[in-house]
Amino acid sequence: MLRRISFLSCFRLLHHMCTTTSPFPSPALHIPLHSHCTKSTNINHEIQSHSNKTQFLNFMRNQCKSGKLKSIDEALNFFHTMAKMNPLPSVIDFTLLLGFIVKMKHYTTAISLVKEMHSSLGIKPDTFILNVVINSLCHLKLVAFGFSVLGTMLKLGLEPSVVTFTILINGLCVKGDVGRAVELVDHVEKTGYRSDVKTYGVLINGLCKMGKTSEAVGWLRKMEERNWNPNVVVYSTVMDGLCKDGLVSEALGLCLEMSGKGIKPNLVTYTCLIQGLCNFGRWKEAGSLLDEMMKMGVMPDLQSLNILVDVLCKEGKIMQAKSVIGFMILVGEVPDVFTYNSLIDRYCLQNQMDEATRVFELMVSRGCLPDIVAYTSLIHGWCKIKNINKAMHLLDEMIKVGFTPDVVTWTTLIGGFCQVGRPLAAKELFLNMHKYGQVPNLQTCAIILDGLCKSQLLSEALSLFHAMEKSNLDLNIVIYSIILDGMCSAGKLNTALELFSCLPAKGLQINVYAYTIMINGFAKQGLLDKAEDLLSNMEENGCMPDSCTYNVFVQGLVAEREIARSIKYLTMMRDKGFSVDATTTEMIINYLSTNQGDNELREFLFPK
DNA sequence: AGTCTATCGT
């Protein structure tokens with residue numbers, strides 16, 4: 001069950017957390033103090049006089065504004081020099097420097113420096129400084145602490161600005177809490193605080209990343225209505241979301257609409273659209289869009305060419321992928337780990353481990369270091385052709401060269417052991433991966449449960465499943481479907497039906513897979529009336545049976561020689577445009593060859 | 001005067 005936490009209840013919660021007026025309401029939060037820097041003393045001598053101080057500050061401002069400041073040590077030197085000045089530079093100069101430290105992603109350092117400014121230098125925090133703190137906390141995924149700083153801000157009588165809310169909304173989005181992000185925007189507008197283009201941009205990006213594209217389009221339209229002039233970034237974000245949803249034509253339409261407003265598509269816009277077109281087999285249009293892009297003077301870069309290489313590989317068009325790589329080299333780009341990984345992954349999928357290994361070695365010889373994805377692809381490839389020894393050998397090798405296998409690597413290996421008929425070894429890995437610091441995710445659980453079920457180890461599967469139910473994992477319908485299928489295969493139909501009927505109470509939406517598993521279970525046992533009941537039930541519940549559902553049911557009918565009913569359902573399939581799969585066809589042909597006299601079914605299938 | 005986001009890839 002999803003519990004929606006409103007902005008206000010969040011606020012209330014945070015009030016408990018901030019009982020002091022210190023802007024650091026998180027004693028539980030261990031923030032490492034920045035390292036002491038030794039170089040600052042040299043600069044100290046140079047800034048004795050007033051004019052030197054002014055010069056120094058101007059230098060620092062320039063470095064920050066022009067982006068020339070690169071290392072964190074340099075920034076810390078600046079900070080300590082400033083901290084030793086008497087009188088202290090203004091809070092504005094500190095804010096400028098902190099902004100840069102945040103841009104360099106040194107969030108904990110930024111927070112501890114603000115802390116130091118407050119406690120050692122006596123600088124009173126203002127909205128700007130606290131925004132830096134909130135932003136740092138949000139980047140550390142500590143959004144709740146960010147809200148508590150907002151509480152402190154209000155308590156100190158400081159007015160949160162549109163930036164404050166934009167930071168928090170972005171923090172919620174990055175954490176995946178888009179629902180609360182939307183609530184916060186609504187709340188901000190209802191309570192008379194401001195939101196602006198950036199606020200909406202952040203929200204639209206969050207919605208797109210969570211696949212809520214239609215909502216994102218809604219907010220885009222709202223921006224247009226308010227004449228906020230969304231820019232090419234916002235439009236491209238939405239176009240990418242539409243493409244990922246399969247709404248490529250809509251994305252193209254939006255691009256035209258945007259161009260009509262005088263906003264030119266840029267490299268990213270074109271890349272998203274080309275990728276969308278390729279993903280749905282619209283190669284010709286993708287090609288002409290690529291031409292158009294270059295005609296407009298927008299040249300593809302390494303990343304956009306890599307996307308092309310990847311979609312081509314995924315489609316099995318290795319030759320074309322290689323010619324894109326050739327073009328890449330021609331225009332002076334150097335293939336990187338993404339380029340090689342796309343090829344490796346494809347060769348592994350095609351069981352061409354020699355080729356995959358060759359590309360891997362080529363990558364190394366060209367000075368491109370393989371990463372964890374490359375290793376995991378190869379491991380996956382060896383598992384696919386059931387060479388678990390090679391897979392384990394690669395695991396050793398990757399650990400030796402200093403990589404930490406991630407949850408995907410472990411899941412791949414667990415699947416590999418299941419595939420070679422060693423489900424108990426798979427279970428060992430599953431139970432031991434935490435020793436390597438990795439926690440199973442839902443995918444891992446699905447793989448191991450399915451492996452155990454398919455190896456007729458239902459009781460092993462069930463004991464793991466019950467342990468999972470007790471853990472914090474939010475088991476989804478996929479996991480339950482695997483268990484249902486395992487129970488059905490083991491002939492435990494009643495137990496399966498019992499679990500099946502509990503699903504809604506667990507807040508799970510029964511989908512077409514789960515229904516089909518149950519229908520298959522009943523049909524295989526010859527309980528055709530029960531299967532038929534479920535088939536009509538699912539439609540009533542708004543879950544449309546698919547081709548697979550009908551196929552498994554017809555297979556049950558044919559097995560029980562229920563020919564009239566088979567024809568009835570085969571007709572329904574024909575009307576709905578569903579095809580009869582290989583298993584069903586084979587069963588029908590077997591039936592016909594032993595029942596030569598059955599003309600009804602023969603004429604249905606082969607009308608004269 | 002200083003704080004926010006910035007879209008595409010295994």
Side-chain angles (χ1 to χ4, degrees), chain A residues 57 61 64-65 89-103 110 114 125-136 138-139 146 153 158 160-171 173-174 194-206 208-209 216 230-244 251 258 265-276 278-279 300-314 335-346 348-349 363 370-378 380 408:
Chain A
L57 288 177
R61 286 171 201 149
C64 283
K65 284 181 186 160
S90 82
V91 64
I92 294 168
D93 284 318
F94 280 104
T95 313
L96 195 58
L97 186 58
L98 284 168
F100 249 82
I101 293 172
V102 169
K103 276 208 186 80
V114 175
D126 63 6
T127 300
F128 290 82
I129 290 286
L130 292 184
N131 282 345
V132 170
V133 176
I134 297 176
N135 192 27
S136 301
C138 285
H139 277 289
M153 193 183 264
L158 297 167
S161 65
V162 59
V163 176
T164 316
F165 290 114
T166 304
I167 291 169
L168 284 166
I169 288 158
N170 188 50
C173 287
V174 169
R194 269 188 56 228
S195 57
D196 66 7
V197 188
K198 289 176 182 174
T199 319
Y200 276 34
V202 162
L203 185 68
I204 287 173
N205 186 40
C208 287
K209 291 292 167 299
N231 62 14
V232 63
V233 176
V234 176
Y235 277 110
S236 303
T237 308
V238 176
M239 281 178 224
D240 187 51
L242 287 167
C243 285
K244 299 259 150 71
M258 178 184 85
N266 64 13
L267 176 57
V268 178
T269 323
Y270 282 116
T271 308
C272 294
L273 293 174
I274 291 169
Q275 185 185 27
C278 291
N279 276 336
D301 63 358
L302 180 60
Q303 184 172 352
S304 56
L305 291 173
N306 273 343
I307 291 170
L308 270 181
V309 170
D310 191 52
V311 282
L312 288 167
C313 283
K314 285 222 160 57
D336 68 358
V337 66
F338 286 93
T339 326
Y340 292 111
N341 281 350
S342 298
L343 277 176
I344 291 174
D345 195 53
R346 182 64 211 184
C348 288
L349 272 180
M363 157 159 83
D371 62 0
I372 182 163
V373 178
Y375 277 102
T376 304
S377 287
L378 284 180
H380 185 216
V408 181

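In what follows, chains carry the letters A, B, and so on, assigned in the order in which the sequence lines appear, proteins first and then strands, with residues in each chain numbered from 1. Worth saying up front: this structure is predicted, and the values here are computed from it rather than measured.
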- Looking at the side chain of A/D310, which of B/dG9, B/dT7, B/dT3 is the nearest nucleotide? B/dG9

- Item | hbond_proxy A/D336 side chain to B/dG9 base (donor-acceptor, 3.5 Å cutoff) | yes

- Item | Distance, nearest 0.5 Å, that separates CD1 of A/I92 from CG of A/L57 | 11.5 Å

- Query: Does the side chain of A/K244 get closer than 4.0 angstrom to OP1 or OP2 of B/dG9 through an N or O atom?
  - Reply: yes

- So how far is it from A/N135 CG to A/L98 CG, rounded to the nearest 0.5 Å? 11.5 Å

- Message: Taking the minimum atom-to-atom distance to the side chain of A/Q275, which one of B/dC4, B/dT7, B/dG9 wins?
- Response: B/dG9

- Message: So, under a plain 3.5 Å distance rule, would you say the side chain of A/S236 forms a donor-acceptor pair with the base of B/dT7?
- Response: yes

- Task: Assign A/H139 to base, sugar-phosphate, or nothing according to its heavy-atom contacts below 4.0 angstrom with the strands shown.
- Result: sugar-phosphate

- Taking the side chain of A/K65 as its heavy atoms from C-beta onward, which of B/dG2, B/dT10, B/dT3 lies nearest to it? B/dG2

- Just how far, in rounded Å, is C1' of B/dT3 from CD1 of A/I134? 10 Å

- Hey, could you give me the CD1/OG1 distance between A/I307 and A/T271, rounded to the nearest 0.5 Å? 5.5 Å

- Task: Would you state whether a donor and an acceptor, one from the side chain of A/D126 and one from the base of B/dG2, lie under 3.5 Å apart?
- Result: yes

- Let me know the distance between OH of A/Y235 and P of B/dA6, rounded to the nearest Å. 19 Å

- Any side-chain N or O of A/K209 less than 4.0 Å from the OP1 or OP2 oxygen of B/dC8? yes

- Task: Provide, to the nearest angstrom, the distance between the OH atom belonging to A/Y200 and the P atom belonging to B/dT5.
- Result: 19 Å

- Integer-rounded Å distance: B/dG2 P and A/I167 CD1: 16 Å

- Using a heavy-atom cut-off of under 4.0 Å over every strand shown, decide if A/Q303 touches base, sugar-phosphate, or nothing. base

- Pairwise distance OG(A/S377) to CG(A/D345) - rounded to 0.5 angstrom: 4.0 Å

- Query: When the distance from CZ of A/F100 to P of B/dT3 is rounded to whole Å, what number comes out?
  - Reply: 9 Å

- Consider the side chain of A/F128, meaning its heavy atoms from C-beta on, and name the nucleotide among B/dC4, B/dT3, B/dC8 that approaches it most closely. B/dT3

- Report the distance from atom OG1 of A/T166 to atom CG of A/L203, rounding to the nearest 0.5 Å. 10.0 Å

- Item | Touch class at under 4.0 angstrom, heavy-atom based, for A/V202 against every strand present | sugar-phosphate

- For A/D196 and B/dA6, what is the distance between atoms CG and C1' respectively, to the nearest whole Å? 14 Å

- In terms of side-chain heavy atoms of A/L96, which of B/dC4, B/dT10, B/dT3 is nearest? B/dT3

- Query: Hey, does A/N266 reach any base, or is it just sugar-phosphate, or nothing, if we go heavy atoms under 4.0 Å?
  - Reply: base

- Item | A/I92 CD1 to B/dG2 C1', straight-line distance once rounded to whole Å | 6 Å

- Nucleotide nearest A/V233 (side chain, heavy atoms from C-beta), chosen from B/dG2, B/dT7, B/dG9: B/dT7

- Item | Nucleotide of B/dC4, B/dG2, B/dC8 approaching A/T271 most closely (side-chain heavy atoms) | B/dC8

- Message: Tell me if a side-chain donor or acceptor on A/D310 pairs with a main-chain N or O of A/C313 at a distance below 3.5 Å.
- Response: no

- Query: When all nucleic acid strands are considered with a 4.0 Å heavy-atom cut-off, which category describes A/V91: base, sugar-phosphate, or nothing?
  - Reply: base

- Item | Rounded distance in Å - CD1 (A/I344) to C1' (B/dT10) | 10 Å

- Query: For B/dC4, does OP1 or OP2 lie under 4.0 Å from any side-chain N or O of A/N135?
  - Reply: yes

